[in-house]
Amino acid sequence: MKSIKLLMAMALMLSISTCFAEIKNAKVETVHIYGNCSICKKTIESAANVKDIVQVEWNKDTKMAILTYDEKKTNQDEILKRIGLAGYDSDKFLAPDNVYAKLEPCCQYERTGKIVAKIEDVKTVILTVEEKVVTPILTIKIQGEQLKEVFDSYFAVKDALVKTDGNLAATKAASLLNSINAVKMESLTKDEHAEWMKVMKDLVFDAEHISETKDAGHQRDHFTYLSKNMYSVMKVSKQETPTYYQFCPMANKGKGANWLSKENIVKNPYYGSKMMGCGKTVETIN
Amino acid sequence: MRLKSFIVFFKTKAIITVFFLFSTTVFAQKVVRYDLYVKDTLVHFAGKEKRAIAVNGQIPMPTLTFTEGDTAEIHVHNQLKEETSLHWHGLFLPNKEDGVPNLTQMPIRPNTTHIYRFPIIQNGTHWYHSHSGLQEQIGMYGNFVMLKRPNDPSFRKGIDDLPTLPIVLSEWTNLKPENIHRMLHNANDYPALKKNSVQSYGEAISAGHFKTKLLNEWKRMLAMDVSDVYYEKIFMNGKPSSELKSISGNELKGGDKVRLRISNGGASSYFWLTYAGGKITVVANDGNDVEPVEVDRLIIAVSETYDIIVNIPADKTAYEFLATTEDRTNSASIYIGIGIKQLKSSLPRLKYFEGMKMMNDMMKMNGELDDMGMAMSLNQMDMNVVMYPEITGDAKPKQDDNDPNRYNANALGDIVTLNYAMLKSPTITALPKEAPVKELYFKLSGNMNRYVWSLDNKVVSEADKILIKKGENIRIILYNGSMMRHPMHLHGHDFRLLNGQGQNAPLKNIVDVMPMETDTLEFNANIEGDWFFHCHILYHMMSGMGRVLSYENQMPNPLIPNPKLAQRKLFADDRKFHFMAENDFATNGNDGMAMLQNTRWSIGSEWRIGHHVFHGYEIETHIGRYIGRMQWLMPFVGFDWRYRKFGIDEQETNLFGQSNSKDLRSLFTVGVNYTLPLLIIGQAEIYQDGNIRFQLIREDIPITKRLRMSFMLNTDKEYMAGFRYIVNKNMGITSHYDSDMGFGAGITFSY
């Protein structure tokens with residue numbers, strides 16, 4: 001099937017390049033479309049082209065595309081939307097993030113068209129940037145916000161384990177380690193400080209171990225303790241949104257294990273897709 | 001004092017007190033009047049000029065806005081050439097204002113004006129639509145918003161004071177709705193062709209699912225889709241794509257929150273709602289507040305309403321809010337914000353053969369469904385997840401048949417999908433404890449192949465009204481034993497959907513029941529009248545899927561002067577006969593058939609006309625009645641007339657040695673049709689002269705997307721086999737071999 005499609009696409013391209021005249025009521029426009037390479041070119045053009053109605057030619061050096069289309073049957077927006085849905089930004093549309101993320105590595109063009117989100121999202125955006133940038137920003141964080149970085153990194157580790165992705169869990173555990181080390185203890189509240197002192201060493205120990213292996217099984221062993229300690233910190237720390245303390249009776253070789261989640265829906269980090277829904281919320285921490 | 005009874009059961013005590021303080025001063029003071037002019041119009045929505053109905057010159061109908069405590073006065077001027085009516089969906093009102101023609105009022109006749117007048121005693125997002133015939137499909141739907149008073153104790157800061165946009169979702173088809181209805185009853189697979197969901201043997205083989213398809217037909221199922229009708233366009237407020245840049249003069253910017261009041265005014269489509277700017281916060285459902293719940297997406301059933309809040313994360317960007325039909329063939333969007341448009345990825349195509357496999361597992365040989373002990377309810381388990389690539393992956397799922405969560409979208413995927421169990425009322429909704437309880441049980445039943453939809457295998461015209469007493473608590477248990485989901489709607493009341501939230505069970509007036517689900521709902525019977533309870537898929541309702549709940553010893557309705565006549569007209573909807581015909585003009589003759597069918601009866605004629613006397617002429621007419629829930633059995637009486645000089649094979653006796661008066665016969669016959677596995681129809685009949693005949697026939701075996709095969713053989717030693725290539729919905733190219741007329745090729749026209 002694939003080869004047939006390819007053949008058809010090739011035949012279509014050939015026929016189009018030779019017979020421009022086939023498009024009636026033709027309107028020609030030149031627009032900017034982001035992209036990098038010849039793979040991009042193929043994706044952009046095959047998403048945009050419609051037999052006898054639309055023909056697009058994109059130049060990878062100038063990043064400009066020539067749109068030729070039947071203006072009685074379609075319009076520029078429709079064409080650019082299809083290109084956007086295939087993963088490519090233009091001056092009118094931004095591609096969905098999940099589609100962009102699935103593009104070939106060589107196609108991951110720089111998304112200068114995207115405007116960085118305001119409000120809460122700003123923090124998460126900053127978090128993913130290099131630590132160098134993080135440090136100055138952390139110092140201006142107000143009280144109580146301090147530990148949020150730690151918690152957010154913890155949730156990222158949890159999400160990685162839900163997906164049973166050892167590589168990702170290791171990376172996320174490394175950034176967890178960074179945010180644990182970045183906590184300025186003098187700016188914690190009294191209760192937070194007391195609790196933090198008790199568990200900090202263990203937190204560092206488990207986070208380190210998770211970051212040093214790619215074996216999700218081993219990571220999960222440490223995650224049991226990491227979760228328990230994180231829970232005791234979270235109990236005394238005031239957060240804007242509730243956190244759910246969840247429990248799976250089967251994990252940890254039948255002894256049961258807990259974890260924390262921002263969502264009141266069970267996604268089991270100890271089993272992943274094997275038993276995703278196993279467990280329940282045992283406590284809501286406000 | 002009617003008003004008092006309204007209020008007591010729907011508001012908490014605290015509200016009642018406040019309400020009564022104001023009721024003397026505010027109530028019935030402000031009359032809000034709307035004039036609605038209903039008129040035929042021509043529209044050009046999808047490439048062709050077609051008839052539609054516009055109200056005040058617009059589609060959708062205008063948004064009607066009231067504040068709780070107002071009195072609504074709506075003047076409906078019918079300028080159509082046909083009858084109409086308007087139903088106020090989800091409203092608490094006197095029965096005679098409910099707008100169901102031939103049940104709560106007589107239809108509004110052409111060139112007359114009808115006035116609806118009722119107090120607004122609730123708040124929330126609702127909508128209104130025509131309840132006459134299929135008018136809802138061609139434009140008669142609109143938003144109906146009732147605001148809270150600012151001093152309402154249930155007023156929620158940060159929700160009720162947000163900038164708000166009401167949106168009514170709808171669909172458009174270039175086919176006449178009457179024609180869609182007729183085609184559905186004749187199992188026409190033209191919509192499947194348009195949607196690329198024919199699921200033929202050829203497609204099954206190339207997907208590695210030949211056995212699945214074979215088993216599916218063995219279990220007497222036609223190819224299924226999640227919805228039946230193909231639509232050319234999907235609309236939000238009448239447009240496939242629109243922009244929301246400002247609300248009441250204020251430009252939208254990064255950081256703003258917007259509340260959308262969404263009603264699904266589609267006649268038969270469910271919609272997935274997704275948003276490019278992050279999570280969706282659900283704050284109300286069916287006009288009733290719920291505790292805010294954050295989700296990635298939700299499905300809105302036909303005629304449901306949801307109030308949701310979306311964020312605009314950044315400046316200079318407009319975020320796409322997307323409504324996609326459940327079958328994923330079409331969508332509508334609105335871009336919220338100002339600037340470059342951030343798209344939301346479209347939902348991938350359904351994995352139809354995975355769905356077919358799932359149906360095979362669930363279907364028993366006798367046509368009953370088997371939930372394999374899963375006790376499904378409240379949309380928590382969605383069997384269709386096996387078809388969703390975004391949840392179960394692109395390839396074949398690594399399905400574990402013992403995983404209790406194998407249909408639980410929220411456990412399988414990394415996105416959160418709303419289900420009914422997540423809805424919680426912010427107020428206590430418990431019913432009066434001392435009231436007597438009446439329990440009703442309905443099995444939602446259906447026959448996909450013949451498009452018969454019913455409750456307990458009875459359509460509206462076959463069942464009595466269900467009598468209830470004022471003051472009773474009515475508990476309704478619904479089990480869906482059919483293969484499609486049904487949004488069941490109750491008029492005039494909100495019910496509590498028992499969803500595990502105890503005293504805070506959410507109040508709704510629609511419950512979507514998926515196949516094999518059991519849901520329980522309850523309400524206090526507090527406003528007398530005849531109230532319709534029905535499936536809100538327009539074509540299911542018109543096929544008779546509903547009941548009337550009637551209060552005992554109620555006052556006669558002044559708008560129904562002749563209840564017997566009204567009832568006969570109401571019942572006419574599902575008693576309607578649907579016509580189909582086809583004729584093959586072929587080189588070896590001319591053969592065809594015409595059929596009139598309704599819920600139970602079938603009147604059909606088949607003819608074969610050769611080009612000369614040697615090929616013969618014949619016509620067979622059968623009148624039969626379908627028996628049982630699955631309607632596999634159809635006894636019939638008939639008349640057979642033939643004339644033929646002599647045959648190509650000169651056969652004059654049948655397999656049983658009985659001589660056959662084929663050269664000129666006119667005989668009465670009685671017999672039965674029975675649908676066998678693989679959808680082969682077995683026919684046995686005996687003629688008045690004692691001759692018997694057995695026949696096997698199967699038509700329209702889907703070989704490829706457009707190619708159909710059929711065959712027939714009988715004990716008169718007649719046989720036929722042929723192919724048909726579908727060109728469009730009314731035309732096909734055929735070739736067949738017939739024992740009477742030999743080989744032929746031709747063109748078939750069908751209606």
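Quick caveat, the model's predicted, so the values are computed rather than measured. Reminder, nothing fancy here: chain letters follow the sequence lines and each chain counts from 1.
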Side chain from CB out, backbone as N, CA, C, O: work out which of these in [X] comes under 4.5 Å of a heavy atom of chain B, or both, or neither.
X	answer
A:Lys267	side chain
A:Asn264	neither
A:Ile265	side chain

Would you tabulate the side-chain donor-acceptor contacts of residues 232-239 of chain B under 3.5 Å, counting partners in other chains and residues two or more places apart, or write 'none'?
unit_1: B:Glu232; atom_1: OE1; unit_2: B:Asn174; atom_2: N; d: 2.9
unit_1: B:Asn237; atom_1: OD1; unit_2: B:Val168; atom_2: N; d: 2.8
unit_1: B:Asn237; atom_1: ND2; unit_2: B:Pro166; atom_2: O; d: 3.0

Just checking A:Glu110: does its CD atom have more than 12 heavy atoms from other residues, nucleotides or ligands closer to it than 6.0 angstrom?
no
Please check if the number of heavy atoms outside A:Lys73 that lie under 6.0 Å from its NZ is greater than 12.
no
Ignoring hydrogens, what is the shortest heavy-atom contact between B:Ser345 and A:Val99? Give both atom names and the distance.
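Result for this residue pair: CB-CG2, 3.7 Å.
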Which heavy-atom pair separates B:Ile340 from A:Phe93 by the least distance, and what is that distance?
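Answer, listing the atom of B:Ile340 first, then A:Phe93: CG1-N, 3.8 Å.
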Take A:Leu80 and B:Lys341 through the test side chain to side chain contact (heavy atoms under 4.5 Å, CB included) and record every step on the way to the result.
CA-CA 11 Å; A:Leu80 292 182; B:Lys341 291 173 176 132; over 6 Å; no
Please classify the contact between B:Val293 and chain A as side chain, backbone, both or neither, with a heavy-atom cut-off of under 4.5 Å.
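It is neither, since no heavy atom gets under 4.5 Å.
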By a 4.5 Å heavy-atom criterion (distance strictly below it), what part of B:Lys316 contacts chain A: side chain, backbone, both, or neither?
both
Which is it for B:Glu320 and A:Lys81 under the salt bridge (Lys or Arg N to Asp or Glu O under 4.0 Å) test, yes or no, and what are the steps along the way?
CA-CA 11 Å; B:Glu320 185 177 31; A:Lys81 184 172 178 178; 2.8 Å; yes
Can you list the residues that meet the salt bridge (Lys or Arg N to Asp or Glu O under 4.0 Å) rule with A:Asp97, with sequence neighbours excluded?
A:Arg111, A:Lys114
For B:Thr281, all residues meeting side-chain hydrogen bond (donor to acceptor under 3.5 Å, both in side chains), sequence neighbours excluded
none
Rounded to the nearest 0.5 Å, what's the gap from CD on A:Glu263 to NZ on B:Lys279? Could you check?
4.5 Å
Using non-hydrogen atoms and a limit below 4.5 Å, what part of residues 328-337 of chain B faces chain A?
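So far as heavy atoms go, B:Ser333, B:Tyr335 are the residues that approach chain A to under 4.5 Å.
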B:Gln342 side-chain N/O to A:Ala95 backbone N/O, donor-acceptor pair under 3.5 Å:
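A pair under 3.5 Å: yes.
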